[in-house]
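A quick write-up on the structure given underneath.
Within every chain, numbering begins at 1; the chains are lettered A, B, ... in the order of the sequence lines, protein sequences first and strands thereafter.
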2 protein chains.
Amino acid sequence: MSNLVTDIEIAQQAKMKPIREIAAEIGLAENEIECYGPYKAKLSNEAIRRLHNRSNGKLILVTSINPTPAGEGKSTVTIGLGDAIKQLGKKAIIALREPSLGPVMGLKGGACGGGWSQVVPMEDINLHFTGDLHAITSANNALASFIDNHIHQGNELEIDPRKIIWKRAIDLNDRVLRDIVIGLGGEKNGVPREDHFEITAASEMMAIFCLAKDFRDLKERIARTVVAFTVHNEPVTVQDLGVEGALTLLLKDAFKPNLVQTLEHTPAIIHGGPFANIAHGCNSLIATKTALKLADYVITEAGFGADLGAEKFLDIKCRIGELNPSAVVIVATIRALKMHGGVPLKELHKENSEALIQGFANLKKHVETMEQFGLPYIVALNRFTGDHSSEIATFDKLCREQNIPYALTEVWEKGGRGGNELADKMMSLLSENNNNQTFAPLYEVTDSIEQKLTTIATKVYGADGIKLSAKAKKQVQAIEDAGWANVPVCIAKTQYSLSDDRTKIGRPDNFMISIRELKPSVGAGFIVAYAGDMLTMPGLPKRPAAMGMDLDESGKVTGLF
Amino acid sequence: MSNLVTDIEIAQQAKMKPIREIAAEIGLAENEIECYGPYKAKLSNEAIRRLHNRSNGKLILVTSINPTPAGEGKSTVTIGLGDAIKQLGKKAIIALREPSLGPVMGLKGGACGGGWSQVVPMEDINLHFTGDLHAITSANNALASFIDNHIHQGNELEIDPRKIIWKRAIDLNDRVLRDIVIGLGGEKNGVPREDHFEITAASEMMAIFCLAKDFRDLKERIARTVVAFTVHNEPVTVQDLGVEGALTLLLKDAFKPNLVQTLEHTPAIIHGGPFANIAHGCNSLIATKTALKLADYVITEAGFGADLGAEKFLDIKCRIGELNPSAVVIVATIRALKMHGGVPLKELHKENSEALIQGFANLKKHVETMEQFGLPYIVALNRFTGDHSSEIATFDKLCREQNIPYALTEVWEKGGRGGNELADKMMSLLSENNNNQTFAPLYEVTDSIEQKLTTIATKVYGADGIKLSAKAKKQVQAIEDAGWANVPVCIAKTQYSLSDDRTKIGRPDNFMISIRELKPSVGAGFIVAYAGDMLTMPGLPKRPAAMGMDLDESGKVTGLF
């Protein structure tokens, strides 16, 4: 699509409405929003309190097949579906995550959709937006500094410097910060120890922020967060350090959801930003809940494929937040399915229905997963201009044979209009399933940690089971002994494969999921399990996206995508 | 003053005007500001461009004696003077630096003034404000990640990992990050090397941000910044890495000055935040220049005593920005002067005119320094309620004997009304010196590095000269060889003493200034010289201020000061 206008050019030419108008359209009074420039606003605490007793709209989750370098356009479809539902005269709000500077400066780009299905102002949203990620990073690192300072100043709590589980965070891709030694240079510089930076999107502070129901819950979660263990192996919490008030204070504005709009002026609430491969992958609970009060249809997205974002959305966020999703959209493209069928990126332009049939198995697995959760779904086949009609016909045949409902979308090219078919079919699905109450998480929190991990590995990933490392086994025991086991599990795993090996595309079988390590996230309320070699701090590619970015004297931005 | 209301209580009870009104009062159109909530705004690029050809108001610098634990109230006097000038019916704007989370969470508190002379909303200004410091931190650390990534990805530029002078930054006090080793854990994690974090307020990115004239200058300064040397000892710049566009882009909103108000609704522009002990200590040039276009009187503050902030304001900022300050206020208190006379903090409540006479020597030195710069001045004696009238009489006598003009201020207690005397005397001083053009920096940039350092050490600090370490001598040579010597010098030195030894209070004599190390800040346009044991990353005290902070369910903040 190199001869078309770029996403940023479309976004820059957009005629945005003042955000006050967008807010007014969804019934928010002028004093219920706090403007950040003319096109961004935060919803005030008063607004959220006022809405509290309203009934909820319907929640639609958008997920996808396992991502490939071909691109799937999940955000684009989410935005386009919102616009299309609005075109039907319905009240729709889109609820997304905030982009991270790591991918923006690195490789993947932002998270504002593309083509004619974008949220705007995309330059602001993709850069610092309203500063939420920076506030979360500050709270995360302030806590780290308080821990090390406590040790340096006499260590009254007897923290064992080898048993600190709270890591520092930065909202960048920076591999050299994965494993570091701090506190060098003599006694004025504190106590030397090994430390680690995670990307903010993977931090427990981000998870706490995204799963807290309200301010009180936010402070309570922060207070009970376990940051380290003493020399006697007793847990040390934030409350022990006496800084839960200050850390909550650092999040006081960030915690207010952000309101922006799509190119077609559909309201979008963008708030919180955990990744789905190394964290729980959904926008904030407070944003989703607020959106459900304000609209009849809330379209939200969970990161990467349904094995990661959707599973965590359903098993973690919906459980903790008592959300009841109504339906799911599973996004696929011909190109990506052909890659799952073994076609390299360079060959994707060639007709290859054989590969499509092969790669379809990846989509099929995610369809089965949604069925296991008891949720009605529609597959969105996100059309690219180079798709061959014979391939579309093959896709149609496969869906008919397997009784998979689908809709073609062309939202990249046409905006909401390109999502008409999907919106229509979604409306039918929702009215058919009007009283659908069959959604349930896949496991009980009272299942053992191994049971929970096994359920996800077998039912969602299609694995034969799990293999715990010796270290992980010890950690399972320790978590159970501490009484922290009865919570959901959050598996960190590659997004590229259903397995924990990124090279196994399509629908792999005969594999086990290796759990290398576990970490109790007591404040967030889940246990993190690290599968395969998944790291919580990404690196930059040889030529970072930043090298193509510029800003001229008039303030015009280029190279952001 | 423990039985009085606290600063935060006064600030919380303030009736702020909408920031749109404040903007309108200084002639800004509604579309020339970008609101960040109802009480904060950024000035748009268009506004700054429109004002460009206007004539300038008069620039008044507020500085002080060397700070002591007794507190001097320099920000408070700056704000009170602005309010007092406004009470005279004149157009006044206050130009301040942005607070850093390091001191806010640590010990010193924020930088919003105190009592009835505060800028508001103080909670927002003291926490993340409009996110400028976070944007600067992001740009700083993105650059660091690009450097390490370049090395990891093949090191085409042949950067010597031992010769990287660009440091990482964080806006917190965190001593364990002063000396670290990064890139550990194997080849996937980059190349191991020693690294260092500075507080953002001490970073070169902050200095560049604060000294750039406009966007073009900002990008040019970033582009020419030297970050490392090759294995052949050749400098490596940001431009060599190709990321000056992306880094400037990260600063696109931060670079717009912030507008807030005082408790008495005087406009205040708060922008940029380098410390004066470990950096150049003044708010941004673009903020000062913009304020000068909008008001007849701009009252600005430089950090710590006149030996640090004022010297750098005059020798670095005024030179680079071609600013012509009209007058100076030197803030002193009876309590602080008594401390300089040897009285410990606990004994300050007792009458002690002898100590006051002793400690007065510190004030006298700063007075002499301002005379050397050719600037008219007034001493502001900032009255505390516990000051003894006999001490005030002694102070009066000393000033008369030595022909030092002074005014009593009670702005903490009375707001602008408490600054009437100071404002009146300032107006007289400015009309007397209406055609004063005698201000000049103390040295020429063409002087040798040693000459420049010696000039500051002898004329401003009162030292007998400077002593360069062996390392510093080599660095002087290297900087001269590279052709980077013809710029101002920025000395990092303790704020507590005129010397480089924090225990030498009052007016020490018979001392040398030890220069331990130098660093060329090619982008900022100065050479940093580190005196004594001054560090660019502060630590936290045993009981950080954070431990006293809280936020209740209604959103009410306590413990911030």
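When each of B:G102, B:P541, B:S44, B:G154 is checked for heavy-atom pairs under 4.5 Å with chain A, B:P541 comes out on top. Of all the listed residues (B:H150, B:R168, B:M547), the one sharing the greatest number of non-hydrogen pairs under 4.5 Å with chain A is B:R168. When each of B:L101, B:L127, B:L250 is scored by its heavy-atom pairs under 4.5 Å with chain A, the top score falls to B:L250. For the options B:K40, B:E244, B:M537, B:H128, heavy-atom pairs under 4.5 Å to chain A are most numerous at B:H128. The most heavy-atom pairs under 4.5 Å with chain A, out of B:N31, B:D179, B:N173, come from B:D179. Between chain B and the options A:R175, A:H152, A:M549, heavy-atom pairs under 4.5 Å are most frequent for A:R175. Interface remark: of the candidates B:D148, B:D195, B:L241, B:V243, B:D148 forms the most heavy-atom pairs closer than 4.5 Å to chain A.
Side-chain contact check for A:D174 versus B:N141: every heavy-atom pair is 4.5 Å or farther apart. Taking 4.5 Å as the limit, some side-chain heavy atom of A:W166 sits within range of a side-chain heavy atom of A:M205. Looking only at side-chain heavy atoms (C-beta outward), B:F146 and B:V238 stay at 4.5 Å or farther from each other. Considering only heavy atoms from C-beta on, A:I33 comes within 4.5 Å of A:L43 through its side chain. Side chains of A:P544 and A:M105 form no contact here, defined as non-hydrogen atoms less than 4.5 Å apart. Counting heavy atoms from C-beta outward, B:D171 and A:S138 have side chains that stay 4.5 Å or more apart. Between B:C35 and B:I19, some side-chain heavy-atom pair lies under the 4.5 Å cut-off. Residues B:P538 and B:I199 are in side-chain contact: their nearest non-hydrogen atoms beyond the backbone lie under 4.5 Å apart.
The two residues A:N149 and B:K542 have their closest heavy-atom pair at ND2-O, 4.2 Å. Nearest heavy-atom pair, A:G37 versus B:E34, reported as atom, atom and distance to 0.1 Å: CA-CB, 4.1 Å.
Using a 4.5 Å cut-off between heavy atoms, A:L172 touches chain B through its side chain atoms alone. Neither the backbone nor the side chain of B:R543 comes within less than 4.5 Å of any heavy atom of chain A.
Heavy-atom neighbours of chain B within the stretch residues 182-192 of chain A, taken at a separation under 4.5 angstrom, comprise A:I182, A:G183, A:L184, A:G185, A:K188, A:N189, A:G190, A:V191. At a heavy-atom cut-off of under 4.5 Å, chain A is reached by B:K252, B:D253 from residues 251-260 of chain B, listed in order of number. Inspection of non-hydrogen atoms places A:F215, A:R216, A:K219 of residues 212-221 of chain A under 4.5 Å from chain B.
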Could you walk me through whether B:D132 and B:K42 pass the side-chain contact (heavy atoms from CB on, under 4.5 Å) check?
-> CA-CA 11 Å; B:D132 298 344; B:K42 279 190 168 281; 2.8 Å; yes
Checking side-chain contact (heavy atoms from CB on, under 4.5 Å) for the pair B:K167/B:L177: CA distance, chi angles, key distance, verdict?
-> CA-CA 11 Å; B:K167 297 176 179 179; B:L177 296 179; over 6 Å; no
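Atom CG of B:D533 sits in a sparse spot, with 12 or fewer heavy atoms from other residues, nucleotides or ligands closer than 6.0 Å.
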Can you give each donor-acceptor pair under 3.5 Å made by side-chain atoms of residues 554-561 of chain A, sequence neighbours left out, with the distance rounded to 0.1 Å?
from: A:S554; atom 1: OG; to: A:D552; atom 2: OD1; distance (Å): 2.7
from: A:K556; atom 1: NZ; to: A:Q12; atom 2: OE1; distance (Å): 3.0

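In summary, the side chains of B:T137 and B:N140 do not present any donor paired with an acceptor at a separation below 3.5 Å, with no hydrogens or angles considered.
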